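To find a chain, count down the sequence lines: A is the first, B the second, and so on, and within it residues start at 1. Just so it is clear, the structure is predicted and the values come from calculations on it, not from any experiment.
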Amino acid sequence: MVDGILADDVLADLNDPQREAATYGTGPLLIVAGAGTGKTTTLAHRVAHLIATGVDPGRILLLTFTRRASAEMLRRVDGILRERDRAGVSRKVWGGTFHAVATRILRRHGKKIGLAPDFTILDRTDSEDLMQVVRTDLGLGETKGKAGRSRREQDETRFPLKGTCLNIYSRAVNTQQSLKQVLQKDFPWCEEHEDKLKQLFSAYVDRKEEASILDYDDLLLFWRALLQDEDGRQQLAEKFDCVLVDEYQDTNTVQADILRGLSPTGRGVTVVGDDAQSIYSFRAADVRNILDFPDQFPGTKVIKLEQNYRSSQPILDATNAIISGATKRHHKQLWSDHKQGDPPQMILCNDDDEQTEFLVDRILTHRESGLKLQQQAVLFRASHHSISLEVELGRRNIPFHKYGGLKFVETAHVKDMLAYLRLAENPRDIVSGMRVLMLLPGIGQVKARGLLDILTENRGDFSCWRDVSPPKAAMDDWPLFVALMRGLGDPKAKKSVVGDQMHRVRRFYAPLLKGKYDNSRERERDLEQLELVAARFKDRMEFIAEMSLDPPSSTQDLATDPSLDEEHLILSTIHSAKGLEWNVVYVLHATDGNIPSQQAVGDTDQIDEERRLFYVALTRAKESLYVTMPQRYYSQSWNRSDRHSYAQPSRFLTKEAREHFDERMAFPSIGNEEEDSADATRQVRESIKGMWS
DNA sequence: GTCACAGAAATTTTT
DNA sequence: TTTCTGTGAC
């Protein structure tokens with residue numbers, strides 16, 4: 001390249017450490033980037049700089065946490081390069097999540113380690129389904145067989161549910177620990193089942209192999225295996241000159257191994273992250289990856305970004321105070337040029353309803369003063385925390401998009417539809433096969449298994465099902481079903497437009513849907529949306545993989561054409577808000593039990609992670625920050641006999657932290673004082689009682 | 001073998 | 001609110 005270094009005017013937007021990071025040479029580089037310090041900008045400039053100095057874009061690998069993040073990054077790279085007439089080259093960059101890139105690589109090179117290229121991918125719920133199949137096969141869930149069923153035995157803990165089993169399995173695999181260690185540390189109540197869990201997991205692994213399916217963990221494991229295979233390594237290690245990893249604090253041991261496999265000396269490796277924002281340890285992410293990076297790769301250059309461009313100083317003061325309570329951390333002091341601004345507000349509400357009322361009120365006030373809804377975001381710890389807000393927004397016709405929580409593709413009817421395509425793509429995929437067959441009346445687990453065995457014997461040719469005589473109840477549907485599958489399985493159909501295939505499935509499936517759900521009309525509309533999405537894909541396999549690896553993140557993303565999209569408010573779990581920013585941020589339910597979550601107060605590591613989570617939430621705000629907390633929770637659940645309970649503010653809002661907040665009631669009380677004081681004494685009693693329950 | 005029902009138990013965050 | 005297991009009718 002004759003260009004040499006990128007023009008000064010492009011790099012002039014960067015501050016000194018950012019510029020140093022963007023232009024640093026090929027040695028291992030660690031960029032420690034605090035919240036809002038221009039991490040994305042820096043990384044984008046680094047990629048642009050690499051390309052401008054002659055690195056082949058096709059030999060750059062950019063690993064991000066979500067596909068959205070990598071798309072955004074590459075868009076900015078293009079923006080920077082446009083001035084050099086090189087716009088568009090970034091399309092050649094290998095960008096995406098670890099899992100998405102693993103899929104591409106394994107399809108192409110997996111043969112080396114004995115992997116068929118047409119594997120299908122299990123998402124979280126599919127993996128649970130398979131776990132359940134194996135679990136019942138081995139008779140592990142049963143409780144009735146126990147002789148006598150004495151009280152003693154009833155007290156014995158039941159075998160863990162499928163979700164828990166998968167958590168245990170995944171944790172062992174991703175942390176590379178023995179089952180015993182994992183059980184001891186994270187699942188002590190399951191320790192007595194160690195032997196049976198071993199049986200279960202080994203059968204689970206076998207099943208996946210027979211069916212030619214990979215779960216999320218497998219994608220990483222096999223990529224790593226490929227890098228450890230001598231042949232594979234040669235081909236792959238030489239594939240990339242530069243590897244950049246974003247959000248490195250949230251990678252796990254296997255991902256770190258992959259990085260080492262790609263570049264054993266660290267040549268060409270850049271990682272970016274912030275240990276204060278590590279919030280995925282539940283998924284086996286290990287902060288030590290980023291903390292120990294300089295030891296792993298001798299000669300690492302460390303560059304710290306500490307100037308915050310996002311938030312006003314009053315907000316930074318508050319967030320600095322919150323994170324300073326952490327027991328272990330890499331010291332950083334964020335500062336901003338943006339000195340002016342309102343202090344963050346801590347809002348006390350009577351209950352959930354009042355919180356909702358306050359939020360809607362405030363959101364509209366900001367809207368009236370000219371701030372678009374997209375520039376405001378409501379963040380919460382758990383997906384269900386926003387339910388009452390969603391209802392109210394709906395009632396008032398305020399459009400919103402919700403991120404996190406149950407995704408569109410995880411709903412039963414969407415999974416059903418996709419299962420037809422997946423079975424057609426990979427007839428050995430027993431998860432999809434069982435799902436599809438059991439939709440037919442009269443076919444249950446046993447029949448479904450038998451039918452799949454026949455299919456395997458006939459090498460996946462769906463014609464073999466024509467000769468089967470189905471149970472009476474399925475008599476009408478069966479020929480149609482077989483015709484559908486034969487059509488989809490035909491090699492010619494494989495290449496036909498994915499939208500058309502989806503349409504055929506929908507015609508068959510819609511009547512079944514009617515009988516299965518009472519809100520079938522609504523669900524049918526979802527399926528129409530799905531068909532539209534499918535129509536955007538040329539390749540069926542790609543479509544299916546995409547739906548497992550990178551599903552549309554909000555239901556509304558699908559329902560509306562992005563180009564015609566109307567103004568909308570953002571609701572998001574804190575986890576899904578990572579890396580994003582808004583002018584106004586509201587953090588809901590900042591009470592103990594919610595933040596930190598009741599389930600995560602076991603040890604200091606967990607509590608620290610919850611603190612970082614709270615920190616991530618607060619640091620999303622640019623100008624205004626509201627932290628709201630209901631004081632009273634009504635519980636009509638089976639669990640509690642009392643009708644309501646009182647909540648304390650989050651323990652992270654310590655006295656010192658609160659000095660940086662304006663504290664007030666959402667709606668100053670106008671009720672009669674007697675009731676208030678009665679409430680106050682009740683609150684004391686309740687909270688004392690709470691200490692023993 | 002399948003299905004519908006009942007009673008009990010669990011309940012975060014996500015590639 | 002859903003998920004899981006056991007039971008009994010078909």
Please state how far atom CZ in A:F159 lies from atom P in C:dG6, giving the value in whole angstrom units. 14 Å

For A:F98 and A:W223, take the angle between the two ring planes, folded into 0 to 90°, and tell me which bin it lands in: parallel under 30, tilted 30 to 60, perpendicular over 60. tilted

In whole Å, I'd like the distance from the CZ atom of A:R171 to the P atom of B:dT14. 16 Å

Phosphate oxygens OP1/OP2 of B:dT13: is one of them under 4.0 Å from a side-chain N or O of A:Q606? no

Could you state the atom-to-atom distance from NZ of A:K402 to P of B:dT12 in whole Å? 14 Å

Write down the distance between CD (A:E247) and P (B:dT15), rounded to a whole number of angstrom. 12 Å

Are OP1 or OP2 of C:dT5 and a side-chain N or O of A:R135 less than 4.0 angstrom apart? yes

Just N and O in the side chain of A:S548: are any of them under 4.0 Å from OP1 or OP2 of B:dT15? no

Looking at the side chain of A:A382, which of C:dC4, B:dT14, B:dT12 is the nearest nucleotide? B:dT12

Which ranges of DNA chain B pair up as stems, where a stem means three or more consecutive Watson-Crick or G-U pairs with both distances under 3.5 Å? B:1-10 with C:1-10

Assuming nearest nucleotide by heavy-atom distance, tell me which of A:A100 and A:E610 is located more 5' along DNA chain B. A:E610

Shortest side-chain distance from A:Q132, nucleotide among C:dT5, B:dT13, B:dT15: C:dT5

Whole Å only: how far is the NZ atom of A:K472 from the C1' atom of B:dG1? 13 Å

Quick note, A:R283 side chain, CB onward, closest among B:dA10, B:dT13, B:dT15 is B:dT15

Distances under 3.5 Å between nitrogen or oxygen atoms of protein and nucleotides 3-5 of chain B:
residue : atom : partner : partner atom : Å
B:dC3   : OP1  : A:G442  : N            : 2.4

Can a side-chain donor-acceptor contact be found between A:S388 and A:D352 if the only test is distance below 3.5 angstrom? yes

Which word best sums up how the rings of A:F201 and A:Y169 line up, parallel for under 30°, tilted for 30 to 60°, or perpendicular for over 60°? perpendicular

Separation of B:dT15 atom C1' from A:F222 atom CZ, nearest Å, is 17 Å

If I take atom CD1 in residue A:I121 and atom C1' in nucleotide B:dT14, what distance separates them, rounded to the nearest angstrom? 16 Å

Report which part of the nucleic acid A:T66 touches: base, sugar-phosphate, or nothing (heavy-atom distance under 4.0 Å, all strands). nothing

Within this structure, what is the CG-CE distance for the pair A:L140 and A:M131, rounded to the nearest 0.5 Å? 11.0 Å

Please determine if a side-chain N or O atom of A:S597 lies less than 4.0 Å away from the OP1 or OP2 oxygen of B:dT13. no

Under 3.5 Å, is there a donor-acceptor pair between the A:T591 and A:N594 side chains? yes

Please determine, for the side chain of A:L161, which listed nucleotide (B:dA10, B:dT2, B:dT15) has the closest atom? B:dA10

Counting side-chain heavy atoms from CB outward, which of B:dT2, B:dT14, B:dT15 is closest to A:K447? B:dT2

Taking the six-membered ring for Trp, are A:F380 and A:Y586 closer than 6.0 Å centroid to centroid? no

Proximal nucleotide (of B:dT14, B:dT2, B:dT12) relative to the A:R381 side chain: B:dT12

Can you measure A:N594 atom CG to B:dT12 atom P for me and round it to whole angstrom units? 13 Å

I want to know whether A:F282 and A:H575 have ring centres closer than 6.0 Å. yes

Validation row: A:Y280, A:E247 side chains within 4.5 angstrom (heavy atoms): no

Could you say whether the aromatic ring of A:Y280 and the base of B:dT14 stack, counting only centre distances under 5.5 Å and plane angles under 30°? no

Listing request: all ring-ring contact (aromatic ring centres under 6.0 Å, His included) pairs with a residue in residues 589-608 of chain A, at least two apart in sequence or in separate chains. A:H385-A:H589, A:H589-A:Y633

Hey, is the side chain of A:K162 poking within less than 4.0 Å of OP1 or OP2 on C:dT3, counting only N and O atoms? no

Between A:V173 and A:L220, is there a side-chain heavy-atom distance shorter than 4.5 Å? no

Would you name the heavy atoms of A:E609 and A:S281 that are closest together and state the gap between them? OE1-OG, 2.6 Å

Ranking A:T164 and A:N167 by the position along DNA chain B of their nearest nucleotide, the one closer to 5' is A:T164

Looking only at side-chain atoms of A:T573, point me to the closest of B:dT14, B:dT15, C:dC4. B:dT14

